[in-house]
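These notes concern the structure reproduced below.
First the proteins, then the strands, lettered A, B, ... as listed; each starts at 1. Bear in mind the structure is a predicted one, so any value in this text is a computation, not a measurement. Below, all heavy atoms of this structure are taken into account, side chains as well, without hydrogens, waters or symmetry copies.
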Amino acid sequence: MSTTTGSFQQRSDVAIQDKKLRANFLSAMDGLMEKRDLAFDDKTQLEALRILGAQVRQNALVKLPELLVELETKLTQRGVQVHWAQTPDEAVDIIQSITLKEKAQKIIKGKSMVSEEIHLNDKMEQVGVTCLESDLGEYIVQLAKETPSHIVMPAIHKNTAEIADLLHEKTGIERKEDALYMTEQARQQLRKNFMEADIGLSGVNFAVAETGTLCLVENEGNGRLTTTVPKTHIAIMGIEKVVEKLEDTAPLLSLLTRSATGQPITTYFNMISGPRKENELDGPETVHLVLLDHGRTQMYQDDELLDTLRCIRCAACMNHCPVYTRIGGHAYGFTYPGPIGKILMPHLEGLDDTQSLPTASSLCGACAEVCPVKIPIPDLLVRLREEANHPNPQDSYIKGAGIKRHGMEPVLWSMWRWWHQRGTRYHIMTSMLTKLHFLQPSKLAPWTNKRTLPKMAKKSFHQQMKARTDRLKKGALR
Amino acid sequence: MNARQAILDKLQQSSLKRIGDGDVIPDRPGFQVMQRERKSNAQLSQQFENMMAKVKGEVIRVPQEELESRLNAIIEAKAIKTLLLSPESPYKASFSGLLDEVRIYDKAIESWKEALFNDIDAAITSTLGGIAETGTLVLWPSVSEPRLMSLVPPIHIAILYESQMQPTFWHFMHHHNWSEGMPTNALLISGPSKTADIEQTLAYGVHGPKELVIVLVEE
Ligand code: SF4
């Protein structure tokens with residue numbers, strides 16, 4: 001499901017002309033890039049750590065079915081209820097039935113991109129259950145009735161003045177362009193909700209099969225409150241988030257926080273291995289884990305596409321992406337924006353609905369250069385472009401393959417190939433084109449809307465080279 | 001077919017041929033990059049202190065024999081009126097003169113949620129140890145020191161022994177054999193709670209403690 005209307009082209013066209021939005025993203029991304037760079041001062045160590053990060057994730061993926069069963073067994077032994085969902089609807093059903101059983105009215109939420117993926121807040125609203133976001137960025141985005149524009153910093157598209165307006169308007173606090181004041185006000189507003197909520201819902205950063213442990217990375221403490229105060233905790237994660245051993249979390253955590261915000265570590269690393277025990281005095285009485293597929297098993301069918309599942313959602317790829325920096329997160333129109341979104345969303349929603357995403361890249365490679373788990377994002381983009389033009393979609397793993405292959409394009413390309421396969425034909429064509437250069441149209445929309453059209457040379461490259469060689473032979477340039 | 005079986009079937013039926021970028025990964029990746037040069041406890045605790053200072057964690061070095069009197073001084077300096085302690089805390093009696101009230105966390109949260117959220121100024125907890133490289137406290141909340149002690153009160157005072165310092169998280173979990181079994185909740189804490197969600201401006205004390213005081217005990 002697309003989150004905004006219009007095509008990607010239309011949305012990015014609007015976004016790129018929004019000066020305030022561009023300024024907000026430009027300064028934010030500049031800051032995040034610098035912080036990441038400073039956090040990895042030793043580049044040799046960084047490289048070694050990235051290799052380990054990639055191996056740890058790859059190791060988990062290779063053993064994925066076994067590890068998921070091990071995780072389920074360990075968690076069940078510890079009293080956690082594990083649920084499996086193939087689709088967002090199934091995940092929503094599971095959560096709705098837990099809510100019903102608990103007679104819950106209010107859910108307090110820690111940050112979870114998977115819950116965004118299944119549009120949980122809207123779906124719960126439909127059955128009369130309120131979901132309240134407690135991460136400050138998510139809280140802001142929810143008050144504005146928007147979706148996150150960044151996977152780590154959900155409200156990055158707004159500047160302080162806009163947030164001051166919003167909080168003043170929606171919560172009645174004084175309008176002050178002061179981040180400290182606004183943060184304190186939000187603390188007060190949310191504290192009551194932590195006490196009252198029946199259920200706390202969170203995401204999961206890593207799930208350890210070895211010990212049956214759910215790990216959450218955060219700075220604010222809202223994740224800890226969400227998973228500790230309400231009497232029920234529901235965690236939701238994509239099936240790829242599992243790792244084999246507890247020690248695997250150490251390099252991943254170090255890579256994640258430094259890549260995301262340049263922090264050596266976040267304020268909290270919260271490791272949950274079960275509900276409150278018999279004589280313990282706090283913590284949830286019931287813990288549920290929802291494991292979501294939603295296109296992940298599709299990526300798992302192919303060695304190259306599998307790399308997508310290594311992702312630890314650090315957002316470094318979007319922070320360093322020249323396209324993301326200019327159009328922001330909403331223009332993509334899907335839950336996950338930026339480079340990771342472009343390689344992930346086609347599997348979640350099908351290439352038919354997401355066909356523009358893999359083309360929204362100059363393939364500059366900045367994303368792959370910074371990715372802490374070395375996902376070859378540009379290669380995957382090229383692969384998805386090929387899949388979108390697949391001549392025999394039935395042979396592809398990917399839903400919506402072949403969607404872009406239509407009309408004259410394949411015919412034109414086969415003519416192109418025919419022309420290029422023989423020297424004589426090729427020479428006749430280029431010399432004709434250069435002779436007829438004056439017939440070249442001056443406008444080629446949409447290409448020329450933003451660019452000047454390159455002029456066809458009066459002499460072809462071959463002709464120029466030949467003339468040069470002839471001159472050389474005569475000794476003219478000696 | 002149920003969802004569980006369908007997902008596992010799809011994963012098992014996959015025709016994955018190679019691993020990673022063409023090279024076969026050994027059964028377990030090598031963790032050499034996590035290894036560190038040997039350092040003394042004093043060096044580690046210095047590194048810990050430097051890192052904590054960067055995230056506004058207040059480190060106070062205290063010789064073992066002065067621990068109690070220095071805790072008194074901290075309570076006075078911070079004007080703490082209501083203090084939350086574990087039922088096993090050895091200091092229950094010693095602070096009473098300074099405080100309006102000493103509360104002991106000895107009953108389930110449900111029966112006194114409001115008071116915990118609204119009335120307590122500070123809590124003192126123990127720690128399992130510290131991590132030098134990131135300036136991190138390690139806590140294993142327990143029956144006598146429940147999870148919310150280090151989370152809800154605005155000031156968290158943590159007692160850390162210099163001898164319990166490890167270079168990295170990886171060293172720490174191996175040293176303490178964590179893979180053998182984890183408690184219901186284990187925590188790494190690095191500074192007071194914070195956010196940068198408003199235009200990347202750093203603001204401390206969002207949902208968790210506003211101040212983190214580490215009493216670093218030198219033995
Ligand atoms: S693709 Fe790589 S850089 Fe992008 S979010 Fe995932 S792990 Fe981070």
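- Interface check for chain A: of the options B:T168, B:L11, B:V33, the most heavy-atom pairs under 4.5 Å are formed by B:L11.
- Note: A:R78 leads A:E90, A:R78, A:M153 in heavy-atom pairs under 4.5 Å with chain B.
- Contacts with chain B were tallied for A:E280, A:Q298, A:E138; A:E280 has the most, counting heavy-atom pairs under 4.5 Å.
- By a heavy-atom distance cut of under 4.5 Å, B:T184, B:N185, B:A186, B:L187, B:L188, B:I189, B:S190, B:G191, B:P192, B:S193, B:K194, B:T195, B:A196, B:D197, B:I198, B:E199, B:Q200, B:T201, B:L202 are the residues of residues 184-202 of chain B near chain A, going up by number.
- Interface summary for chain B: among A:V229, A:L214, A:D302, the most heavy-atom pairs under 4.5 angstrom belong to A:V229.
- Counting heavy atoms from C-beta outward, A:D248 and B:F31 have side chains that approach closer than 4.5 Å.
- Of the two parts of B:M182, the backbone and the side chain both hold a non-hydrogen atom closer than 4.5 Å to a non-hydrogen atom of chain A.
- Interface remark: of the candidates A:Q301, A:R224, A:E210, A:R224 forms the most heavy-atom pairs closer than 4.5 Å to chain B.
- Two residues are said to be in side-chain contact when any heavy atoms from C-beta on lie closer than 4.5 Å; A:L49 and B:M34 meet this criterion.
- Most heavy-atom pairs under 4.5 Å with chain B, from the set A:D282, A:D293, A:I156, A:I239: that is A:D282.
- B:F169 CZ to A:E247 CD: the interatomic distance, rounded to the nearest 0.5 Å, is 11.0 Å.
- Checked against salt bridge (charged side-chain N to carboxylate O under 4.0 Å, His left out), A:K192 has the following partners two or more places apart in sequence or in another chain: A:E196.
- In terms of heavy atoms, A:P65 sits closest to B:L8 at O-CD2, 3.8 Å.
- A donor-acceptor pair is defined here as one N or O able to donate and one able to accept, closer than 3.5 Å; no such pair exists between the side chain of B:R4 and the backbone of A:W84.
- The two atoms that bring B:K10 and A:Q86 nearest to each other are NZ-OE1, 3.5 Å, heavy atoms only.
- The two residues A:T211 and B:S179 have their closest heavy-atom pair at CG2-O, 3.8 Å.
- Closest approach of B:G30 to A:L52, counting heavy atoms only: O-CD1, 3.3 Å.
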Do B:R28 and A:E244 pass the side chain to side chain contact (heavy atoms under 4.5 Å, CB included) test, and can you show the C-alpha distance, the side-chain angles, and the key distance before you say yes or no? CA-CA 9 Å; B:R28 285 284 305 155; A:E244 186 181 17; 2.8 Å; yes
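- Residues of residues 131-153 of chain B lying under 4.5 angstrom from chain A, judged on non-hydrogen atoms, are B:T134, B:T136, B:V143, B:P146, B:R147, B:L148, B:S150, B:L151, B:V152 in numerical order.
- Minimum interatomic distance between B:M173 and A:A250 (heavy atoms only, all atoms of both residues): CE-CB, 4.2 Å.
- Atom OG1 of A:T213 is separated from atom CH2 of B:W178 by 9.5 Å, given to the nearest 0.5 angstrom.
- Heavy atoms closer than 4.5 Å to chain A are found nowhere in B:F172, neither backbone nor side chain.
- Proximity to chain A among residues 102-117 of chain B is limited to B:Y105, B:D106, B:K107, B:A108, B:I109, B:E110, B:K113, B:E114, B:F117, judged by heavy-atom separations below 4.5 angstrom.
- The 12-atom threshold is exceeded at CD of B:Q12, counting heavy atoms of other residues, nucleotides or ligands nearer than 6.0 Å.
- Contacts between A:Q189 and chain B at a heavy-atom distance below 4.5 Å are absent for every atom of the residue.
- Atom OH of residue A:Y268 and atom NE2 of residue B:H207 lie 10.5 Å apart, to the nearest 0.5 angstrom.
- Ranking A:A155, A:G79, A:G221 against chain B, the residue ahead of the rest is A:G221, based on heavy-atom pairs under 4.5 Å.
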